[in-house]
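Have a look at the structure below, then the notes.
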2 protein chains.
Amino acid sequence: MSCADEYTPQLRARGYRMTPQRLAILHTLHHSGGHLSPTEVYEKALTQLPSLTETTVYRTLEFLAENGLAHPAHMGSGHLVYEIAHHEHHHLKCRVCGAELEVNHTLLKSLYRQLELASGYRLTDSHLTFFGLCPTCQKGEN
Amino acid sequence: MSCADEYTPQLRARGYRMTPQRLAILHTLHHSGGHLSPTEVYEKALTQLPSLTETTVYRTLEFLAENGLAHPAHMGSGHLVYEIAHHEHHHLKCRVCGAELEVNHTLLKSLYRQLELASGYRLTDSHLTFFGLCPTCQKGEN
DNA sequence: TCAGTTATTGTAAAAAGTTGCAATAAGGAA
DNA sequence: TTCCTTATTGCAACTTTTTACAATAACTGA
Ligand SMILES: [Mn+2]
Ligand SMILES: [Mn+2]
Ligand SMILES: [Zn+2]
Ligand SMILES: [Zn+2]
């Protein structure tokens, strides 16, 4: 199944249009898998669509996030990165060496339920980053 | 107790210097209480120290965060905001109307323990933002 | 109190991200 | 297929954030 086949209906269903720019960006996110900065997305997608502009990349990434096709993340660089929406997960990252671990959302399910009960809010986002020290970097401490 | 008396020893203990710039920024964070953007910090602190520059504000906020005197937060604007470090807490924010609720860290204690056990990491940060829909904005949905 | 060391700041330039607006083109209807 | 509407893009200007490097000034030790 091509990216076009997969994502075009999702946009149409919400009343939006598929464009070569959106497709190139979705394709880039889809096939790289991980978290990409807007600049990385721009550079990769450019090989597919040389007319693409950075402005469009920023706007499109925000658009895809608002519509659930991409997930934004703060990984500690201070800059937003994006990844294609697939399964619900979170991240655990070492402040010292940068080592990352994926955290299954099932581990947070009961916390989410508890927060919803206590607040009346309905929680919508499931893509957090927890920061800490990995086992290796803990040893290096005094 | 003045800001100087309170924060100077904390910096010295870590081998850093207190400067008028750092003091003005700490004073600003301390007395405004909430989350401030770098620009807001700059504008407020400027009344105390007119020679302050924006570059220094960015650098100092990052420095204070690294050293535990300020806590950075992502509140959904895409831009980092900072607050003076006081008690451990998290935030719950409505995606639609922006309403905010503070979440006591005690609610997350058992999750943190669980994550530490499962991963071997030691979690260091306690200032997350959860996003969702507040009770009022849930009604407005279809 | 003074001099030396070096952490910290300001400056200027670059990089990253945002905005307004006119031109373009996707998709629905004829 | 062709036309029409308007969502989407590109451009240019602007704002925000980062970086390199030389000048400054906070603290240490004499
Ligand atoms: Mn992720
Ligand atoms: Mn807070
Ligand atoms: Zn590590
Ligand atoms: Zn709301």
Side-chain angles (χ1 to χ4, degrees), chain A residues 3-5 7-28 35-46 48-67 69-70 72-82, chain B residues 3-5 7-28 35-46 48-67 69-70 72-82:
Chain A
C3 284
D5 292 339
Y7 297 116
T8 304
Q10 296 190 52
L11 291 185
R12 293 274 179 81
R14 289 170 158 272
Y16 298 112
R17 300 174 183 175
M18 180 53 82
T19 65
Q21 291 83 352
R22 287 178 177 171
L23 193 52
I25 290 166
L26 282 164
H27 181 87
T28 298
H35 299 146
L36 295 180
S37 71
T39 303
E40 288 169 331
V41 170
Y42 171 67
E43 283 165 0
K44 285 174 190 277
L46 210 54
Q48 246 190 87
L49 188 71
S51 64
L52 185 66
T53 64
E54 283 181 278
T55 303
T56 296
V57 171
Y58 284 106
R59 269 192 300 229
T60 300
L61 288 171
E62 193 178 343
F63 165 84
L64 294 174
E66 276 167 3
N67 289 284
L69 303 205
H74 294 284
M75 299 302 293
S77 70
H79 293 236
L80 220 45
V81 292
Y82 293 85
Chain B
C3 285
D5 292 339
Y7 298 116
T8 304
Q10 295 191 52
L11 292 185
R12 292 274 178 80
R14 290 170 159 272
Y16 299 112
R17 300 172 183 177
M18 180 53 83
T19 65
Q21 291 84 352
R22 287 178 178 172
L23 192 52
I25 290 166
L26 282 164
H27 182 88
T28 298
H35 299 146
L36 295 180
S37 71
T39 303
E40 288 169 330
V41 170
Y42 171 66
E43 283 165 359
K44 286 173 189 275
L46 210 53
Q48 247 190 87
L49 188 70
S51 64
L52 186 65
T53 65
E54 283 180 278
T55 302
T56 296
V57 172
Y58 282 105
R59 267 193 302 229
T60 300
L61 289 171
E62 193 178 342
F63 166 83
L64 294 174
E66 277 167 1
N67 288 284
L69 302 206
H74 294 283
M75 299 301 294
S77 70
H79 293 236
L80 221 43
V81 292
Y82 292 84

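Chain letters run A, B, ... following the sequence lines, proteins first, then strands; residues in each count from 1.
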> How many angstroms lie between CG in A/Leu26 and OG1 in A/Thr8, if you round to the nearest 0.5 Å?
Replying inline: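 Atom-to-atom, A/Leu26:CG and A/Thr8:OG1 are 8.5 Å apart.
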
[X] [atom1] to [N] [atom2], straight-line distance once rounded to whole Å:
X	N	atom1	atom2	value
B/Phe63	D/dA26	CZ	C1'	13 Å
B/Leu64	C/dT8	CG	P	11 Å
B/Tyr16	C/dT9	OH	C1'	16 Å
A/Arg14	D/dT8	CZ	C1'	17 Å
B/Ile25	C/dG10	CD1	C1'	13 Å
A/Leu52	D/dG10	CG	P	6 Å
A/Glu54	C/dA15	CD	P	11 Å
B/Met18	D/dT28	CE	P	14 Å

> If each of A/Thr39 and B/Thr60 is mapped to the nucleotide of DNA chain C with the nearest heavy atom, which maps nearer the 5' terminus, i.e. the 5' end?
Replying inline: B/Thr60

> In terms of the nearest nucleotide of DNA chain C, which residue is placed more toward the 5' end: B/Gly15 or B/Thr55?
Replying inline: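 Closest to the 5' end, via its nearest nucleotide, is B/Gly15.
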
Does a nitrogen or oxygen in the side chain of [X] sit under 4.0 Å from OP1 or OP2 of [N]?
X	N	result
A/Thr19	C/dA26	no
A/Gln21	D/dG10	yes
B/Arg22	C/dT8	yes
A/Tyr58	C/dT18	no

>> With nearest nucleotide decided by heavy atoms, which residue, B/Arg59 or B/Pro20, maps closer to the 5′ end of DNA chain D?
In response: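 The answer here is B/Arg59.
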
> 5'-most contact on DNA chain D: B/Arg12 or B/His79, nearest heavy atom basis?
Replying inline: B/His79

>> Does A/Ser51 reach a base, just sugar-phosphate, or nothing at all? Heavy atoms under 4.0 Å.
In response: sugar-phosphate

> What closest approach, in Å, do A/Val81 and A/His35 show between heavy atoms, and which atom pair accounts for it?
Replying inline: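 A/Val81 and A/His35 have their closest heavy atoms at CG2-CB, 3.7 Å.
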
>> For a quick test of reading the model, state the closest non-hydrogen atom pair linking B/Tyr82 to B/Leu61 and the distance between them.
In response: CE2-O, 3.5 Å

> With a 4.5 Å limit on heavy-atom distance, are the side chains of A/Arg22 and A/Tyr7 in contact?
Replying inline: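 Side chain of A/Arg22 against side chain of A/Tyr7, heavy atoms only: no contact under 4.5 Å found.
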
>> Looking at B/Leu52, is its backbone amide N or carbonyl O close enough to the side chain of B/Thr56 to form a donor-acceptor pair, meaning the two atoms are under 3.5 Å apart?
In response: no

